Chemist: 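Handing you a structure now.
Since the structure is predicted, the reported quantities are computational estimates derived from the model, not experimental observations.
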Amino acid sequence: MSFNVFISLGGNLGNTLEIFKNSYLEIEKKIGRISAFSKIYQTAAWGKTDQADFLNQVISLETDFGPEKIMSELLEIELFFGRRRDVIWGPRILDLDILFLGNQIVSSENLAIPHPQIANRRFVLMPLVEIAPHFLHPELQQTMLELLEQTTDQQSVQLID
């Protein structure tokens, strides 16, 4: 059975545009063919704000894998590019998060799908709206466009690409 998965990419260390481009190859090799790419956005750091701005993007892809396998592969890809988890919300070379996996709702000790912060993060909602404005959040029962219109996150998100 094939699922549509939405993945967010973020980073603020190194040549982020080049890292994103190279990560697409790894994602396609390990998880599935990418079917949509949002543009790339620049955002001030969220959570821990005393660091460089982030670049963010959302991609959509088809996969036959379940949530645990996808997450495991994403963590391997982060490691491949040199990701270290030293500081919560700290600087990172590559951050890959599962936003949605079809309409599945997953809640385990290590994984929450849909990602619990989607509705609170303009830097995730803007690229999601770009590639899937009418996708319905399976828990909140609102489209990505509705969530963007209602978010309380007023952080500036600038299109760079």
Chemist: If you compare all heavy atoms of Met144 against all heavy atoms of Ala132, which two are closest, and at what distance to 0.1 Å?
Modeler: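 Looking at all heavy atoms of both residues, the closest pair is CG-O, 3.5 Å.
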
Chemist: Side-chain contact, heavy-atom cut-off 4.5 Å: Asn12 with Ile93?
Modeler: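 No. Closest side-chain heavy atoms not under 4.5 Å.
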
Chemist: Would you say Ser23 and Lys21 make side-chain contact, with heavy atoms under 4.5 Å?
Modeler: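 No - every pair of side-chain heavy atoms lies 4.5 Å or more apart.
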
Chemist: For a 4.5 angstrom cut-off between non-hydrogen side-chain atoms, does Phe54 reach Asp95?
Modeler: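 No, too far: nothing below the 4.5 Å cut-off.
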
Chemist: Tell me, with the steps shown, if His137 and Phe100 meet ring pair (Phe, Tyr, Trp, His ring centres under 6.0 Å).
Modeler: CA-CA 8 Å; His137 192 298; Phe100 296 104; 5.2 Å; yes

Chemist: Could you check whether any side-chain heavy atom of Pro67 comes within less than 4.5 Å of a side-chain heavy atom of Gln104, counting everything from C-beta outward?
Modeler: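 A side-chain contact exists here, since the closest heavy-atom pair is under 4.5 Å.
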
Chemist: Identify the two heavy atoms, one from Leu55 and one from Ile40, that lie closest to each other, and give their separation to 0.1 Å.
Modeler: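 That closest heavy-atom pairing would be CB-CG2, 4.0 Å.
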
Chemist: Ring pair (Phe, Tyr, Trp, His ring centres under 6.0 Å) with Phe6: which residues, sequence neighbours excluded?
Modeler: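 Result, ring pair (Phe, Tyr, Trp, His ring centres under 6.0 Å) vs Phe6: Phe135.
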
Chemist: Between Ile113 and Ile105, is any pair of side-chain heavy atoms under 4.5 Å apart?
Modeler: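 No, side chains not in contact.
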
Chemist: Centres of the Phe3 and Phe65 rings: under 6.0 Å?
Modeler: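 No.
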
Chemist: If hydrophobic clusters are built by linking Ile, Leu, Val, Met, Phe, Trp and Tyr wherever their side-chain heavy atoms come under 4.5 Å apart, do Ile19 and Leu79 end up in the same one?
Modeler: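 Different clusters.
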
Chemist: Give the minimum heavy-atom separation between Val124 and Pro127, together with the two atoms involved.
Modeler: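 What the structure gives for the nearest pair is O-CD, 3.3 Å.
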
Chemist: If every non-hydrogen atom of Thr151 is compared with every non-hydrogen atom of Arg121, which pair is closest and at what distance?
Modeler: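 The answer is OG1-N, 4.3 Å.
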
Chemist: If you look at every heavy atom in His115 and Ile98, which pair is closest and at what distance?
Modeler: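 In terms of heavy atoms, the two residues are closest at CB-O, 3.6 Å.
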
Chemist: Check whether any side-chain N or O of Asp97 sits under 3.5 Å from a backbone N or O of Leu99 as a donor-acceptor pair, and report yes or no.
Modeler: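 Flag not set: sc Asp97 to bb Leu99 has no pair under 3.5 Å.
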
Chemist: About how many Å separate CZ of Phe80 and CG of Asn22, when rounded to the nearest 0.5 Å?
Modeler: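 Spacing of CG (Asn22) from CZ (Phe80) equals 8.0 Å.
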
Chemist: Taking Ser38 for the side chain and Val58 for the main chain, is one N or O donor matched with an acceptor at less than 3.5 Å?
Modeler: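 Checking the backbone N and O of Val58 against the side chain of Ser38, a donor-acceptor pair under 3.5 Å is found.
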
Chemist: Name the residue from Glu130, Gln57, Gln158, Arg122 that meets the side-chain hydrogen bond (donor to acceptor under 3.5 Å, both in side chains) definition with Tyr41.
Modeler: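 That would be Glu130; it is the only one of Glu130, Gln57, Gln158, Arg122 passing the side-chain hydrogen bond (donor to acceptor under 3.5 Å, both in side chains) with Tyr41.
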
Chemist: Within the 4.5 Å heavy-atom criterion, are Leu61 and Ile31 side-chain neighbours or not?
Modeler: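 With C-beta onward as the side chain, the pair touches.
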
Chemist: Any chance you could lay out the side-chain contact (heavy atoms from CB on, under 4.5 Å) test for Lys29 and Leu25, step after step, and finish with the verdict?
Modeler: CA-CA 6 Å; Lys29 192 168 24 171; Leu25 302 172; 6.0 Å; no

Chemist: With a 3.5 Å cut-off and no angle check, do the side chains of Ser60 and Asn4 form a donor-acceptor pair?
Modeler: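 Checked: Ser60/Asn4 side chains pair up, N/O donor to acceptor below 3.5 Å.
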
Chemist: Looking at Gly32, is its backbone amide N or carbonyl O close enough to the side chain of Thr63 to form a donor-acceptor pair, meaning the two atoms are under 3.5 Å apart?
Modeler: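 The answer is no, because no donor-acceptor pair under 3.5 Å joins these two groups.
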
Chemist: Passes side-chain contact (heavy atoms from CB on, under 4.5 Å), Leu94 versus Leu96? Steps please.
Modeler: CA-CA 7 Å; Leu94 182 64; Leu96 301 170; 4.0 Å; yes

Chemist: Mark yes or no for whether Glu73, through its side chain, and Ile70, through its backbone, hold a donor-acceptor pair below 3.5 Å.
Modeler: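 No: the side chain of Glu73 does not pair with the backbone of Ile70.
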
Chemist: Can you tell if the side chain of Ile160 reaches within under 4.5 Å of the side chain of Leu17, non-hydrogen atoms only?
Modeler: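 Yes - at least one pair of side-chain heavy atoms lies under 4.5 Å apart.
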
Chemist: Can a donor-acceptor pair be found, under 3.5 Å and without considering hydrogens, that links the side chain of Gln155 to the backbone of Ala44?
Modeler: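 The answer is yes, because a donor-acceptor pair under 3.5 Å joins these two groups.
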
Chemist: Closest heavy-atom contact between Thr43 and Ser156?
Modeler: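 That would be CG2-O, 3.6 Å.
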
Chemist: Any link between Leu136 and Leu148 through a network of hydrophobic side chains (Ile, Leu, Val, Met, Phe, Trp, Tyr) touching at under 4.5 Å?
Modeler: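 No; tracing contacts between hydrophobic side chains, which count when under 4.5 Å, never links both residues.
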
Chemist: Can you check whether Phe123 reaches Gln42 side chain to side chain, under 4.5 Å on heavy atoms?
Modeler: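 Contact flag for Phe123/Gln42 side chains = no.
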
Chemist: Under a 3.5 Å distance rule, please check whether Asn56 uses its side chain to pair with a backbone N or O of Gly10 as donor and acceptor.
Modeler: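 No, Asn56 side chain to Gly10 backbone: no donor-acceptor pair under 3.5 Å.
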
